[in-house]
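Being a predicted model, the structure only gives us computed values, none of them experimental. Every heavy atom of this structure was used, including side-chain atoms; hydrogens, water molecules and symmetry mates were not. If you read the sequence from its start, that first residue is 1, and numbering goes on from there.
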Amino acid sequence: LHKPISPDLVMESVTHLLQHKAPPVGTLMIVGADSAMLDLFSNLLSPWGFQLIFLRNPQQFWDTLEQSNPDLLILDFELPNISGIELCQIVRQDPQWNDLPILMLSAEREANTVQKVFEAGADDFIHKPIVGPELIARILNRLERINKQRRLSNTDGLTRIANRRKAVQEIERLIRIANRQQKSLCFALLDLDHFKDINDRHGHEIGDQVLKKLGELLKQHFREEDVVCRWGGEEFALCLFGMEKKQAIDRLNAFLAIWRQQIFIGKNQESFRITFSAGIAQYPTDGQDLQSLYQAADTLLYLAKEKGRDRVLS
Ligand code: GH3
Ligand code: MG
Ligand code: MG
Ligand code: MG
């Protein structure tokens with residue numbers, strides 16, 4: 001009745017199970033001191049295209065968490081110097097990591113272990129020894145749900161790029177990293193020029209198409225690691241990590257040159273172009289936090305409008 005199942009067969013059945021779902025790719029941070037367990041994780045999870053961050057020493061916990069910004073945190077119950085439960089509680093107390101899903105592992109069989117794990121704020125629990133397919137199924141399940149929720153709450157409905165909520169989160173994280181690594185970054189605000197006239201002349205739907213195109217081209221033009229978002233209305237924001245103002249101005253001017261050439265077709269097949277104005281502020285010279293960077297960039301944006309629009313100021 002209980003034929004032993006070969007690992008190959010297990011992998012095959014899990015593969016089969018997931019064939020009709022695109023496996024969600026995400027970053028997993030795994031904290032544990034047990035080398036055999038970490039090896040097992042590596043073997044089980046690598047084929048799924050996850051990025052795996054292993055941490056043996058909880059002392060580097062916060063640095064690693066911030067830099068890897070994982071989609072899922074896996075904590076072993078038994079850790080050196082601190083218990084997994086304590087670590088889980090501390091993470092949960094930090095508002096920044098409030099929605100990070102946490103999966104706890106434990107070999108403990110005591111009845112109240114599971115209760116303690118959930119009280120500490122973990123989302124899921126797995127008993128050791130680890131059963132491969134169960135672990136994979138739980139991780140995929142967790143990531144799929146998280147990704148769906150995240151996509152909705154982080155994306156601007158019209159342009160499909162990041163919304164302000166998401167951008168603020170990302171930029172604040174980048175500022176902390178820049179601070180630690182002694183790097184600079186640039187925050188830029190872009191605002192379409194006389195956009196109200198486009199709406200008035202061609203209608204709101206054409207106006208929407210302009211906004212969509214701007215989002216699309218910004219995503220294309222800037223790097224994967226840059227933050228590109230719709231800040232609100234006809235304003236967009238960028239955060240360029242590791243960049244000084246000089247480079248940032250060049251990048252934005254290059255983009256403005258491309259954007260100026262973009263031709264839109266409005267009412268009665270009438271074609272038009274539209275420019276934007278932008279202000280750039282640099283961390284840490286113009287501001288030490290997002291609020292002051294925003295103010296500096298906004299002041300420059302206002303100045304760019306005053307000086308005749310269609311320009312980037314820093
Ligand atoms: P300025 O050069 O000074 O920025 O002039 P402007 O006309 O662009 O600025 P103003 O702030 O007067 O108008 C912004 C317009 O953007 C008004 C608003 O109706 C429009 N707008 C904001 N959000 C949307 C949107 O989602 N879709 C469309 N079509 N228009 C929008
Ligand atoms: Mg505006
Ligand atoms: Mg405007
Ligand atoms: Mg305005």
Side-chain angles (χ1 to χ4, degrees), residues 96 154 156 158-159 161-200 207 210-223 225-262 273-314:
Q96 195 204 335
N154 291 340
D156 171 56
L158 175 69
T159 60
I161 67 173
N163 57 21
R164 188 198 299 205
R165 196 195 87 94
K166 167 70 176 166
V168 165
Q169 229 176 44
E170 270 300 293
I171 296 168
E172 283 178 342
R173 188 175 73 87
L174 292 178
I175 289 174
R176 281 191 296 272
I177 296 175
N179 174 43
R180 206 167 306 130
Q181 297 181 351
Q182 307 272 311
K183 289 211 167 129
S184 61
L185 62 76
C186 284
F187 174 79
L189 268 181
L190 282 70
D191 186 296
L192 286 168
D193 295 331
H194 299 305
F195 185 59
K196 200 176 165 300
D197 297 349
I198 301 294
N199 278 332
D200 290 348
V210 172
L211 295 174
K212 274 194 199 171
K213 195 70 192 174
L214 180 54
E216 190 189 312
L217 292 184
L218 280 169
K219 281 305 268 186
Q220 265 176 37
H221 184 82
F222 288 90
R223 303 168 302 179
E225 66 263 39
D226 294 330
V227 178
V228 172
C229 84
R230 183 174 179 205
W231 194 256
E234 26 78 85
E235 273 187 43
F236 291 70
L238 299 173
C239 182
L240 312 174
F241 185 79
M243 254 194 219
E244 310 252 330
K245 251 193 259 192
K246 224 166 64 101
Q247 280 173 285
I249 293 175
D250 287 350
R251 297 296 301 267
L252 261 114
N253 274 325
F255 179 72
L256 180 54
I258 294 171
W259 176 252
R260 271 191 208 111
Q261 302 305 315
Q262 187 67 38
R273 301 179 211 229
I274 177 168
T275 57
F276 67 74
S277 302
I280 303 176
Q282 183 178 327
Y283 171 90
T285 39
D286 299 324
Q288 307 264 345
D289 55 23
L290 179 54
Q291 206 191 332
S292 45
L293 288 171
Y294 171 79
Q295 265 155 16
D298 195 42
T299 303
L300 288 158
L301 171 60
Y302 182 79
L303 215 68
K305 294 279 185 188
E306 261 195 346
K307 291 200 164 181
R309 298 177 169 78
D310 187 20
R311 71 196 62 209
V312 181
L313 290 188
S314 71

Quiz prompt | Donor-acceptor contact below 3.5 Å, side chain Arg165 vs main chain Val168 | solution = no
Practice problem: Indicate the atoms forming the closest heavy-atom contact of Cys239 with Leu185, along with that distance. | Solution: SG-CD1, 3.8 Å
Self-check item: Sidechain-backbone polar pair: Arg251 side chain, Ile249 backbone, donor-acceptor under 3.5 Å
Solution: no
Quiz item: Is Arg173 salt-bridged to Glu170, cutoff N-O under 4.0 Å?
Solution: yes
Quiz prompt | Parallel, tilted or perpendicular, as decided by the 30° and 60° cut-offs, for the rings of Tyr294 and Trp231 | solution = parallel
Quiz item: Distance-only, no hydrogens or angles: does the Asp286 side chain make a donor-acceptor pair with backbone N or O of Gln282 under 3.5 Å?
Solution: yes
Practice problem: Look up atom CG in Asp191 and atom CG in Asp298, then write down how far apart they are to the nearest 0.5 Å. | Solution: 9.0 Å
Exercise. Identify the heavy atoms of Cys229 and Ile161 that sit nearest to each other, and give their distance.
Key: C-CD1, 3.5 Å
Practice problem: Report the C-alpha separation of Leu214 and Phe255 in whole Å, then their side-chain angles, then the decisive distance to 0.1 Å, and conclude whether the side chain to side chain contact (heavy atoms under 4.5 Å, CB included) test is met. | Solution: CA-CA 10 Å; Leu214 180 54; Phe255 179 72; 3.7 Å; yes
Quiz item: Does Lys305 pair with Asp193 as a salt bridge, N-O distance under 4.0 Å?
Solution: yes
Exercise. Determine, for Arg223 against Glu225, whether the closest basic-nitrogen to carboxylate-oxygen distance falls under 4.0 angstrom.
Key: yes
Self-check item: Gap separating the OG atom of Ser277 from the CG atom of Leu252, nearest 0.5 angstrom
Solution: 11.5 Å
Practice problem: Return the minimal non-hydrogen interatomic distance between Ala296 and Ala281, and the atom names on each side. | Solution: CB-CB, 3.7 Å
Quiz item: Between Phe241 and Val227, is any pair of side-chain heavy atoms under 4.5 Å apart?
Solution: no
Quiz prompt | From Glu234 atom CD to Leu192 atom CG, the distance as rounded to the nearest 0.5 Å | solution = 6.0 Å
Quiz item: Quick one: does Ser184's side chain have a donor or acceptor within less than 3.5 Å of a partner on Met243's backbone?
Solution: yes
Quiz item: Could you give the distance from CD (Gln247) to CG (Leu240), rounded to the nearest 0.5 Å?
Solution: 9.0 Å
Exercise. Work out which heavy atom in Phe195 is nearest to a heavy atom in Leu211; give both atom names and the distance.
Key: CZ-CG, 3.7 Å
Quiz item: Quick one: NZ on Lys246 to CD1 on Ile280, what's the gap to the nearest 0.5 Å?
Solution: 13.0 Å
Quiz item: When you look at NZ of Lys166, are more than 12 heavy atoms from neighbouring residues, nucleotides or ligands closer to it than 6.0 Å?
Solution: yes
Self-check item: Criterion salt bridge (Lys or Arg N to Asp or Glu O under 4.0 Å) against Glu216, the qualifying member of Lys212, Lys213, Lys219
Solution: Lys213
Quiz item: Hey, what do you get for CD1 (Ile274) to CH2 (Trp259), rounding to the nearest 0.5 Å?
Solution: 7.0 Å
Quiz item: So, Arg273 versus Gln261: side-chain donor-acceptor pair below 3.5 Å or not?
Solution: yes
Quiz item: Does atom OH of Tyr302 have more than 12 heavy-atom neighbours from other groups under 6.0 Å away?
Solution: no
Quiz prompt | For the student: nearest non-hydrogen atoms of Ala237 and Leu189, plus distance | solution = CB-CD2, 4.1 Å
